[in-house]
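This report refers to the structure that appears directly beneath it.
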Protein chains: 4
Amino acid sequence: MGTKSRKQAEKESRRESILQAAEVIMTKGGLHSLSVDAVAQQAQLATGTIYLYFKNKEEILATLTIKARLQLLSAFEKVEQSDSTPLDKIKQIVQKNYLFYQENPLYYDLVSLYEANNTLVESDEMYKSSEKITHLVSRMIDEAKRAGTLNENIDIQNFTLCLWGMTTGILQLIKVRGNIIYEKMQIEPTHLLDTFLEILENGINKKL
Amino acid sequence: MGTKSRKQAEKESRRESILQAAEVIMTKGGLHSLSVDAVAQQAQLATGTIYLYFKNKEEILATLTIKARLQLLSAFEKVEQSDSTPLDKIKQIVQKNYLFYQENPLYYDLVSLYEANNTLVESDEMYKSSEKITHLVSRMIDEAKRAGTLNENIDIQNFTLCLWGMTTGILQLIKVRGNIIYEKMQIEPTHLLDTFLEILENGINKKL
Amino acid sequence: MGTKSRKQAEKESRRESILQAAEVIMTKGGLHSLSVDAVAQQAQLATGTIYLYFKNKEEILATLTIKARLQLLSAFEKVEQSDSTPLDKIKQIVQKNYLFYQENPLYYDLVSLYEANNTLVESDEMYKSSEKITHLVSRMIDEAKRAGTLNENIDIQNFTLCLWGMTTGILQLIKVRGNIIYEKMQIEPTHLLDTFLEILENGINKKL
Amino acid sequence: MGTKSRKQAEKESRRESILQAAEVIMTKGGLHSLSVDAVAQQAQLATGTIYLYFKNKEEILATLTIKARLQLLSAFEKVEQSDSTPLDKIKQIVQKNYLFYQENPLYYDLVSLYEANNTLVESDEMYKSSEKITHLVSRMIDEAKRAGTLNENIDIQNFTLCLWGMTTGILQLIKVRGNIIYEKMQIEPTHLLDTFLEILENGINKKL
DNA sequence: AATGAATGAGAGTTCATTCAT
DNA sequence: AATGAATGAACTCTCATTCAT
């Protein structure tokens, strides 16, 4: 391997370590706590150095968000490639999303941030990473429809969006209210999720 | 009426005018644009005066959020008191929520803010305003169940939460992505909502 | 005097003291050395306080520039009101300008700054303060022309601008090169000025 | 040619390419836009390399300023070598200066920068480049004087400086205020220049 | 009760210069 | 000779909160 690629690798690794530092900061204090100074300190770099790797703070957030989306996509792909029935796959997607939220709360937050904030502008790359997820889900719904297990008058694109919206809403509820719901009603997050899945299944199942 | 209660009333009215000022500011520039100075100026008060009526900026937001929740509750109550079938009422609740978002975007945003941000702590009063909505929906679901139009193995509380979560998610999707969805896929918000309602109805309907 | 006007006066005086601090800073280190932090420190105020009195750093500069221009105008007015001959007045204007540069180098620099930098935008107030000077000079040239001591084919506005340009150029030369000129050629600034005045007089005098 | 001089030549050429890069940057964005990084990038060199050829950023500016002065000098020399009358030559010098400003705005700015900023220190080399211009003008004035077309009591050196100052002032006025003067008074730059030349000619002409 | 001037930490960003490689 | 990553001080500006009056 030549000098050039080694340097490239070093540069990439430094970039990565900045991203990691940013993750540490946000994992500790929430998305809102991200500041360039804090990242620099965490990464043991000077403030200005950060700007050698990212054009501004927003680019750090955007980069991490794309990473998060791709990771979510990757989790979904495993579901797609499994040999479950098409309907089960749809349900598993929802469950994977929940797992993703549990195992990687920061990434989940990043995905949600851009999902929930219409003042943030998404770059082409960001939009593409989002589209990949949408397309995957669309494919799965199409598959289910062709397998004849889906209510016929469901439009694929339309339902893809609905599924995404509903799931996001349920997970958000669990995330923000999960604790208090458990304390006051003894309802566990997974219970909520199961109910959602049941409604979903009934809602889209072919009527006999 | 004694002096005390007159003073109380004056104080209450001043408090109200501050809240109104805050609404004006946020309606113009979004939740993010709220600053204590801006509120003071809009209310024609001194900055310090704001702090005589609210312990801090967050309390203003919290108070308005309660107001918003109560207004949403009031809209829901009209549905409850209508003479539709129990199942229709549930669907109308969702639609009312969409109307609320359209007619009062600021209040909708306020409701969403606390719904979506688990770093904000809710006071007892806030929780109660939230509970009122939950209870109303629970009552309606119970009604539907007793009318025999609901799938029997649905737990009321559980479904209440799910309904809230799903609806919130769909509306959030419409709010943030509505435009781009229309541009790229020619799917209108109401179409999305209708699909959701159809899935919902099928999902909770009694199976024959 | 009521409370209101006292407060107003206090506010005005604080504003004034900030301007004074800015003058101190720039007198020490040149126009370029002006920084909001430095001004705050000099004025014994917090950084943020400066922004209560000036919307940004540029406003400080602009305000001082207007002050400078008005002071120069005031010096010119004394010449205008004297009972010299019209031609002498024109020459005295040049000399007053030189005195202004000597006695108030900072103000002279401020006048020059906006004179020499076409990236800076001038507000209406600034432009007016500039116009006042131009008008005064125009009046004096008009007077000289009507007195018959001026070359007839001189256009008043045109000559006003030329006079201003030439004078500025000479003073700038004196300011920047004055020392070195004296060291290397033993020519004193006033000598330079006198030569300029002589050329000027000959240049505009009515030919016999 | 030995190794040493080849290396020397290479070094010189590299230095030249850096200067050229700096010119490109400043031509695009003005004197103010010059940054060492930008120059390095434009020159396709590493930042640090710039410092092998120039001790600091200022030296780049200074070197270019000398270049600019020499180019102006060269333009003046053409006037000197023409067969106009001595008085015409003096006027042509002014016009050449205006042309220089029009055709090479960057170089004009560089000449002005050091002309207008007494915080910048000039090296010996810089002073010499300045002196060459002064000497040329002095020669021409001397010539005019000896030809008997010049007012006798004009001191050559003294007038040289005055001429330079006045011209600089007029051009600066045209540069900074030219547009607004045209918009508000419909006076064209060349008109201003002509007026100046007329005053100048009258001012220095031998009186009959 | 009301004022509003003052605070000052904190934000994002830039850039001339250095130095280990 | 050349690199270019790293520095870190400097910059302007914001804003929730306090407190003397």
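To find a chain, count down the sequence lines: A is the first, B the second, and so on, and within it residues start at 1.
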Would a distance-only check, ignoring hydrogens and angles, find a side-chain to backbone donor-acceptor pair under 3.5 Å from Ser112(D) to Glu115(D)?
no
Review item, nucleotides 11-15 of chain F N/O atoms under 3.5 Å of protein N/O:
| residue | atom | partner | partner atom | Å |
| --- | --- | --- | --- | --- |
| dT12(F) | OP1 | Lys57(C) | NZ | 2.6 |
| dT12(F) | OP2 | Val36(C) | N | 3.2 |
| dC13(F) | OP2 | Tyr51(C) | OH | 3.1 |
| dC13(F) | OP2 | Lys57(C) | N | 3.1 |

Stem ranges of DNA chain F by first residue number, counting only runs of at least 3 Watson-Crick or G-U pairs under 3.5 Å, come to E:2-21 with F:2-21
Start and end of chain A contact along DNA chain E [non-hydrogen atoms, under 4.0 Å]:
dA11(E) to dC15(E)
Working to the nearest 0.5 angstrom, can you tell me the gap between Gln8(B) CD and Glu12(B) CD?
8.0 Å
Enumerate the residues from residues 10-29 of chain D whose closest heavy atom to DNA chain F is under 4.0 Å, giving them by residue number; use none for an empty result.
Lys11(D), Arg14(D)
Start with the C-alpha gap between Tyr53(B) and Glu59(B), add the side-chain angles, then the distance that decides, and say whether side-chain contact (heavy atoms from CB on, under 4.5 Å) holds.
CA-CA 9 Å; Tyr53(B) 293 90; Glu59(B) 201 182 76; over 6 Å; no
When the side chains of residues 40-49 of chain C are checked against the rest of the protein, which donor-acceptor pairs come out under 3.5 Å, sequence neighbours left out?
| residue | atom | partner | partner atom | Å |
| --- | --- | --- | --- | --- |
| Thr47(C) | OG1 | Asp37(C) | OD1 | 3.1 |
| Thr49(C) | OG1 | Ala46(C) | O | 3.4 |

With sequence neighbours excluded, tell me which residues meet side chain to side chain donor-acceptor pair (under 3.5 Å) with Glu122(A).
Arg69(A), Arg177(B)
Does the Lys NZ or Arg CZ of Lys175(A) fall within the cation-pi geometry relative to Tyr108(A) - under 6.0 Å from the ring centre and within 45° of the axis?
no
To check you understand the geometry: which heavy-atom pair defines the closest contact between Ala116(D) and Val176(C), and what is its length?
C-CG2, 3.7 Å
Can any side-chain N or O of Lys67(D) pair as donor or acceptor with the backbone N or O of Ala62(D) at less than 3.5 Å?
no
Regarding Glu16(D) and Lys11(D), does a basic nitrogen lie under 4.0 Å from an acidic carboxylate oxygen?
no
Is a side-chain N or O of Ser35(B) found less than 3.5 angstrom from the main chain of Ala38(B), in a donor-acceptor match?
yes
Pair Leu106(A), Leu31(A) - check side-chain contact (heavy atoms from CB on, under 4.5 Å), show working.
CA-CA 8 Å; Leu106(A) 174 59; Leu31(A) 299 196; 3.6 Å; yes
Dump the intermediate steps for side-chain contact (heavy atoms from CB on, under 4.5 Å) on Glu58(D) and Val121(D), then the final yes or no.
CA-CA 10 Å; Glu58(D) 171 125 16; Val121(D) 186; 5.9 Å; no
Students often get this wrong, so: under 4.0 angstrom with heavy atoms, is Tyr53(D) touching a base, only sugar-phosphate, or nothing?
sugar-phosphate
